[in-house]
Protein chains: 2
Amino acid sequence: MATGRTHRPATRSRGIPEATVARLPLYLRALTALSERSVPTVSSEELAAAAGVNSAKLRKDFSYLGSYGTRGVGYDVEYLVYQISRELGLTQDWPVVIVGIGNLGAALANYGGFASRGFRVAALIDADPNMAGTPVAGMPVQHTDDLEKIIEDNGVSIGVISTPAGAAQQVCDRLVAAGITSILNFAPTVLSVPDGVDVRKVDLSIELQILAFHEQRKAGEEAGAEVVVADAVAETAGVDVPVDEGAAEATAAEATAAEAAPAARTESTDRKGPDGDVPAVMPA
Amino acid sequence: MATGRTHRPATRSRGIPEATVARLPLYLRALTALSERSVPTVSSEELAAAAGVNSAKLRKDFSYLGSYGTRGVGYDVEYLVYQISRELGLTQDWPVVIVGIGNLGAALANYGGFASRGFRVAALIDADPNMAGTPVAGMPVQHTDDLEKIIEDNGVSIGVISTPAGAAQQVCDRLVAAGITSILNFAPTVLSVPDGVDVRKVDLSIELQILAFHEQRKAGEEAGAEVVVADAVAETAGVDVPVDEGAAEATAAEATAAEAAPAARTESTDRKGPDGDVPAVMPA
DNA sequence: GACTGTGAACGCGTTCACAGCT
DNA sequence: AGCTGTGAACGCGTTCACAGTC
């Protein structure tokens with residue numbers, strides 16, 4: 001409390017739930033669109049629809065920021081845009097470095113969304129000496145050797161990692177050592193960082209795999225079938241790692257429990273790890 | 001339970017919590033790495049460390065799949081790889097279409113992670129007639145006109161949208177009409193889809209904004225006092241400008257829906273401070 | 001002795017429903 | 001009359017801690 005006025009209104013920072021923080025950017029985007037159409041006010045109902053959430057949740061979220069609405073009327077668009085921007089720290093410009101300028105890194109460098117909303121790509125860094133100097137998105141790629149200097153010179157605190165998985169942890173360590181405290185990781189690896197450093201990850205194959213899970217379930221339900229099938233067969237066969245690439249259909253149908261099958265889980269002999277063939281999933 | 005052997009421990013499918021499903025790919029990746037190193041078994045502790053979660057959570061997660069471990073020993077790596085793959089539906093190959101071959105779309109097409117773990121890029125689609133035929137990642141780009149036919153011919157049920165925000169909903173509608181039931185959306189927009197269709201979104205700027213929020217908070221704490229700083233400045237500056245317009249170069253295709261709004265300074269009457277304190281942080 | 005599987009306690013986030021302003 | 005702000009109920013997910021098994 002150095003300052004006399006400690007009031008610090010809005011930012012009951014400490015109290016904003018993580019889930020709410022994650023939705024603020026969504027609200028901000030919807031509000032920005034309204035702002036461009038010069039819409040003066042919105043109700044929680046309308047805004048919620050635009051952001052793809054329900055209105056109760058939105059009101060609750062906003063209540064953590066403060067009382068920014070007017071009962072009987074709604075929220076003032078411009079005012080709310082400002083408040084959320086401030087809460088998110090977008091009233092200042094964040095310099096960002098992108099490490100790993102391959103296909104993805106280059107795409108990120110070119111991504112307009114970066115440049116707009118409060119972020120500025122301060123530097124592109126890659127380990128390939130041949131890339132040094134090559135312009136990507138109108139900016140010369142710099143070599144990893146200068147990573148520390150670049151970060152310091154530009155006062156960068158947010159780093160994006162788009163290197164191959166194998167190099168990610170190493171790059172991460174250097175970024176952290178150089179003072180980076182927030183990392184957006186696109187490499188398919190778990191990064192370990194010291195306390196105080198935030199890491200968010202974006203993983204394409206994970207997202208796809210989650211979709212596949214649900215997709216498979218849909219297929220199974222549709223088929224109406226019970227479950228069992230493939231397993232029963234597998235079991236009597238003595239080995240249960242069939243994956244039978246020939247009959248993919250059958251495989252798709254199983255593994256989906258309609259609502260039936262109560263917890264009839266018993267301890268019958270649960271055969272385990274055969275080693276026969278367990279392909280199916282390609283190695284990385 | 002028509003079948004004699006009903007035990008089917010695993011697949012109480014209906015019961016697998018969403019949060020658990022989202023972690024299965026993580027476990028799978030860690031397990032695959034172990035498998036490649038020919039490690040035969042792992043304890044929940046070791047595997048949890050490799051996947052970046054705590055062991056209690058991991059054991060709980062696995063318990064939803066069935067009793068696949070051995071007390072006193074741990075889990076059989078190969079067996080678990082198979083079980084999780086099956087649960088995720090990766091024992092079959094999912095054809096995927098990517099719509100919107102700009103920088104990001106091309107990067108995705110080239111992304112190895114797609115091709116490996118159970119997914120196969122069946123087609124690349126773009127609305128630009130000039131791109132038709134152009135090879136990207138060794139595959140000719142096809143025109144949007146043929147979208148429906150492509151999906152049907154290839155039996156595709158998963159679509160990836162990497163178009164600019166403005167085109168996303170339209171593309172989404174066509175994909176859904178064509179039979180797609182799972183969508184991975186990279187466009188910065190909220191997509192609305194009918195029931196039964198799953199959408200997962202990946203949004204770069206949202207991730208960055210979340211990081212910025214925490215980053216800002218760190219800076220504030222570090223400064224000893226609360227956050228104040230930026231506000232004081234904004235206040236004395238008499239500007240309420242949110243997200244000042246950055247160099248929006250919106251390169252090529254992907255671009256965020258909106259650009260920063262030019263501070264339409266609405267003459268705010270008297271805004272109530274958040275927690276009833278302080279006279280707001282608005283332009284006076 | 002080692003490690004899994006899981007009921008029970010707990011905490012966070014969402015939803016409900018209504019009191020409180022305008 | 002309309003819409004926000006929020007206490008209270010609820011449900012999901014995480015963590016604890018220990019009984020059960022090898």
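Labels below follow one simple rule: chain letters A, B, ... track the order of the sequence lines, proteins then strands, and each chain is numbered from 1.
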Quickly work out the [X] [atom1] to [N] [atom2] distance and round it to whole Å.
{"X": "Ile16(A)", "N": "dT14(C)", "atom1": "CD1", "atom2": "C1'", "value": "18 Å"}
{"X": "Glu18(A)", "N": "dT14(C)", "atom1": "CD", "atom2": "P", "value": "11 Å"}
{"X": "Leu58(B)", "N": "dT6(C)", "atom1": "CG", "atom2": "P", "value": "14 Å"}
{"X": "Glu45(A)", "N": "dG5(D)", "atom1": "CD", "atom2": "P", "value": "14 Å"}
{"X": "Asp76(B)", "N": "dT4(C)", "atom1": "CG", "atom2": "P", "value": "13 Å"}

Between [Y] and [X], is there a side-chain donor-acceptor contact under 3.5 Å, judged purely by atom types and distance?
{"X": "Arg86(B)", "Y": "Thr91(B)", "result": "no"}
{"X": "Asp61(B)", "Y": "Ser63(B)", "result": "no"}
{"X": "Tyr82(A)", "Y": "Glu78(A)", "result": "no"}
{"X": "Glu215(B)", "Y": "Thr181(A)", "result": "yes"}

Using a cut-off of less than 4.0 Å, is there contact between a side-chain N or O of [X] and OP1 or OP2 of [N]?
{"X": "Ser44(A)", "N": "dT4(D)", "answer": "yes"}
{"X": "Tyr75(B)", "N": "dA2(C)", "answer": "no"}
{"X": "Asn54(A)", "N": "dT14(C)", "answer": "no"}

Considering only side-chain heavy atoms of [X], which listed nucleotide, [options], is closest?
{"X": "Arg59(B)", "options": "dG5(D), dC3(D), dT4(C)", "value": "dT4(C)"}
{"X": "Ser67(B)", "options": "dG5(C), dG5(D), dT14(C)", "value": "dG5(C)"}
{"X": "Lys57(B)", "options": "dT4(D), dT14(C), dT15(D)", "value": "dT15(D)"}
{"X": "Arg23(A)", "options": "dT21(D), dG5(D), dT14(C)", "value": "dT14(C)"}
{"X": "Ser63(B)", "options": "dT6(D), dG5(C), dT14(D)", "value": "dG5(C)"}
{"X": "Lys60(A)", "options": "dG13(D), dT6(D), dT15(D)", "value": "dT6(D)"}

Between the base of dT22(C) and the side chain of Arg71(A), is there a donor and acceptor pair under 3.5 angstrom? no
State which residue, out of Phe62(B), Tyr79(B), Tyr75(B), fulfils the ring-ring contact (aromatic ring centres under 6.0 Å, His included) condition with Tyr68(B). Tyr79(B)
Hey, which sits more toward the 5' end of DNA chain D by its nearest nucleotide, Asp61(A) or Val73(A)? Val73(A)
